[in-house]
Amino acid sequence: MITMDDIVREGNPILEEVAKEVALPATEQDSATLHEMLEFLKNSQDQEIAEKYQLRPGVGIAAPQIGLSKRMIAIHFEDFDGNFYSDGLFNPRIVSHSVEKTFLSSGEGCLSVDREIQGYVPRYARITVKAINLAGEPIKLRLRGYAAVVLQHEIDHLNGLMFYDYINENNPFLKPDNAKPCDVD
Ligand code: K2U
Ligand code: NI
């Protein structure tokens, strides 16, 4: 099983690389790894298992975060509207997005960053993502708000980008233009 010992931390160059597309149909190995990434998220959200193995909670994880420069991510979360997402995605790509932006008023964290970095992270408010899922099916996700934030955070990891790259250095809590927070009514 994946534990925090397997999570690559900031400073490791793999987190700044553009990850390579996964050859499809996925090999047994790549499918098994993506399944393990999804299991990690489920374990990290299970109080007993997270406690036992000292796992930090995660709603998403990208392969570069376990040292693999491959374009695959796993997601496991319920958004604020009660929509539940739990899957592994090969070669996810944002095929369209809104002009409007959003952000989490609580800021963002990262399993690969062992320090708190405060500030608003501007994200597209709505995105459409295409990918091949763990079952090998082509999927299209139309996401907004929190779900859009999670997918953008994870797809950024495939492009060597970290959430703090977007925070306004002079005024981290400057409300981003044309943006509304997605975690407050
Ligand atoms: O990629 C990662 O490091 C996993 C992040 C993803 C993420 C961070 C901030 C906002 C959206 C997604 C972890 O899930 S951060 C920990 C966490 C746990 C529960 C809820 C929100 C963030
Ligand atoms: Ni992250």
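Counting starts at 1 for both ligands and their atoms, in listed order.
- For residues 14-23, every residue pair satisfying the side-chain hydrogen bond (donor to acceptor under 3.5 Å, both in side chains) rule, not counting sequence neighbours, is listed here: Glu17-Ser69.
- Geometrically, Arg123 does not engage Phe103 in a cation-pi contact defined by less than 6.0 Å to the ring centre and at most 45° from the axis.
- In this structure, Ala148 and Ala125 approach most closely via the heavy-atom pair CB-O, 3.8 Å.
- Within the protein, the number of N/O/S atoms found under 2.8 Å from the Ni ion (ligand 2) is 3.
- Asn159 contributes no side-chain N or O that, together with a main-chain N or O of Leu161, makes up a donor-acceptor pair within less than 3.5 Å.
- Residues Ile127 and Gln152 have side chains in contact (heavy-atom distance under 4.5 Å, counting atoms from C-beta outward).
- Side chain to side chain, Asp156 and Tyr166 meet the donor-acceptor criterion of an N or O pair below 3.5 Å.
- Between Arg115 and Glu10, at least one side-chain nitrogen of the basic residue sits less than 4.0 Å from a carboxylate oxygen of the acidic one, meeting the salt-bridge criterion.
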Run through all N or O atoms in ligand 1 and write down each protein N or O closer than 3.5 Å, as a pair with its distance.
residue: ligand 1; atom: 1 (O); partner: Gln65; partner atom: OE1; Å: 3.2
residue: ligand 1; atom: 1 (O); partner: His153; partner atom: NE2; Å: 3.1
residue: ligand 1; atom: 1 (O); partner: Glu154; partner atom: OE1; Å: 3.1
residue: ligand 1; atom: 1 (O); partner: Glu154; partner atom: OE2; Å: 2.8
residue: ligand 1; atom: 1 (O); partner: His157; partner atom: NE2; Å: 3.3
residue: ligand 1; atom: 3 (O); partner: Gln65; partner atom: NE2; Å: 3.0
residue: ligand 1; atom: 3 (O); partner: Leu111; partner atom: N; Å: 2.8
residue: ligand 1; atom: 14 (O); partner: Val59; partner atom: N; Å: 2.9

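- Among residues at least two apart or in separate chains, salt bridge (charged side-chain N to carboxylate O under 4.0 Å, His left out) pairs with a member in residues 60-71 are Asp30-Lys70.
- Two residues are said to be in side-chain contact when any heavy atoms from C-beta on lie closer than 4.5 Å; Asp87 and Tyr85 fail this criterion.
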